[in-house]
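Please read the structure below before turning to the comments.
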Number of protein chains: 2
Amino acid sequence: MFVSTYESAIDAKGRVSIPAPFRAELGGSSRIFLWQALDGSGCLEGGGEALMAMYRATLTRLAPQSDVRKVLVNRIIAGSADLKMDETGRIKLPEDLCKAAELDGRIKFAGNMDSFQIWNPDKHAAYNASMEAAAASPDVMAAFGRAYSEVLHQQGAGHYNGPKLVEGGEG
Amino acid sequence: MFVSTYESAIDAKGRVSIPAPFRAELGGSSRIFLWQALDGSGCLEGGGEALMAMYRATLTRLAPQSDVRKVLVNRIIAGSADLKMDETGRIKLPEDLCKAAELDGRIKFAGNMDSFQIWNPDKHAAYNASMEAAAASPDVMAAFGRAYSEVLHQQGAGHYNGPKLVEGGEG
DNA sequence: TAGCTGCCCATGATATTCCAAATTTACACA
DNA sequence: TGTGTAAATTTGGAATATCATGGGCAGCTA
């Protein structure tokens, strides 16, 4: 899982080091996909072959000529840059994506579970601030609580009686 | 999988370089099929022998004299150009397909998972813009989310607990 | 014979790989 | 707890390989 946030820099040749903990998540593959986040937040979103395979399976599930599928294929499949890390874990960011996300100089890598995000540091700070404010809403924690309960049930834990929440926890 | 978007040019002799990453998807074969996209978007759609084999199997499944089958055979099988790449990975675009898709000068190759598209750059830009606008719809992300969850479930991953999302990733 | 087509080689631009230095991080030991 | 050593990571730059593109030539066709 892509966790935490790291800062990195774009060098004179447009190269960027992927944070080592994120590289480890790519399972030995050196292939990275990058596209513009669909939510209009202005950041880039990225992942490795495993994520793209999941997306392919997901998109294939949608009706072939449906608007939803066409939109998502356009945004994610056609809109992706297909990049390869060099031996030291760097990729070259395409110009158009840099421009779209206003990347220049220093950037932030933010974990997003199955994928990660790449941010302009200023925009990331603003985004963080808005998230912090939104987290104060009771609705947020209420929704979280409901979902959490559902997961507990699903795992045969009708009532919580100990610290061991799932059988095979991840490393 | 055909991913990402690349720009190329039609030279004075009507030749077009297939982007190297797309050539790699053709599995060593130099045969390319091209036809007009069925959705009326005005682009061309193309693929290699593997895709055409899939289409053949699909069309064979349809009732022999059904209208559906006749339409699809006419559009895809009869409507396809059967082209061969030269040693440097170029094809010659047939005149009629160029005219139908308004191709002239520079063109765009857009990945479409199992196939790829060939666009007039202006039309592609307009298409992208409409897709970007459509992506803002909550319905789109909701549908994507549902399909993604289903895929996760199907893989016995009621909860996500590791970076390995699918068993046999594709090449 | 003129034009089209397929095949071949040349070239500039771009991307990738390789090497090495600098910096940071982790670890062992006092 | 502090310090020295080792490892890993991040950087910078140069050499190499790949790719897109242009043009030449021979053979086929009309």
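Since the model is a prediction, treat every value here as computed from it, not as a measurement.
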Original post:
So what does Lys13(A) hit on the nucleic acid, given a heavy-atom distance under 4.0 Å: a base, only sugar-phosphate, or nothing?
Top reply: base
Original post:
Under 4.0 Å between a side-chain N or O of Ser30(A) and OP1 or OP2 of dT16(C)?
Top reply: no
Original post:
Does the side chain of Tyr127(A) pick up a donor-acceptor pair with the side chain of Asp122(A) at under 3.5 Å?
Top reply: no
Original post:
What is the distance from atom CD of Glu150(B) to atom CZ of Arg61(A), rounded to the nearest 0.5 Å?
Top reply: 4.5 Å
Original post:
Rounded to the Å, how far apart are Met85(B) CE and dC7(C) C1'?
Top reply: 15 Å
Original post:
Do Thr88(B) and Arg90(B) have a side chain donor and acceptor closer than 3.5 Å?
Top reply: yes
**OP:** For dA15(C), take OP1 and OP2 only and decide whether either is under 4.0 Å from a side-chain N or O of Lys84(A).
**Re:** no
Subject >> Gap between atoms CG and P, on Asp11(A) and dT23(C) respectively (whole Å) >> reply: 16 Å
Subject >> Residues Lys99(B), Asp104(B): salt bridge by 4.0 Å N-O rule >> reply: no
Subject >> Nucleotide nearest Arg15(A) (side chain, heavy atoms from C-beta), chosen from dT21(D), dG12(D), dT11(D) >> reply: dG12(D)
Subject >> salt_bridge(Lys70(A), Asp39(B)) N-O dist < 4.0 Å >> reply: yes
Original post:
Across the strands shown, which category fits Ala12(A) at heavy-atom distances under 4.0 angstrom: base, sugar-phosphate, nothing?
Top reply: nothing
Subject >> Separation of atom CD1 in Ile10(A) from atom C1' in dT11(D), rounded to whole Å >> reply: 14 Å
**OP:** Take Asp86(A) and Ala20(B), find for each the nucleotide of DNA chain D with the closest heavy atom, and name the residue whose nucleotide sits nearer the 5' end.
**Re:** Asp86(A)
**OP:** Indicate, with a heavy-atom threshold strictly under 4.0 Å, whether Ile18(B) touches base, sugar-phosphate, or nothing.
**Re:** sugar-phosphate
Original post:
According to a strict under-4.0 Å criterion, is Arg106(B) in side-chain N/O contact with OP1 or OP2 of dT21(D)?
Top reply: yes
Subject >> Closest nucleotide among dT10(D), dG22(D), dT21(D) to the Arg23(A) side chain >> reply: dT10(D)
Original post:
Which part of the nucleic acid does Ser8(B) contact within heavy-atom distance under 4.0 Å: base, sugar-phosphate only, or nothing?
Top reply: sugar-phosphate
Original post:
Quick one: is dA15(C) close enough that its OP1 or OP2 comes under 4.0 Å of any side-chain N or O from Arg90(A)?
Top reply: no
Original post:
Roughly, in whole Å, what's the span from CD in Glu87(A) to P in dC18(C)?
Top reply: 6 Å
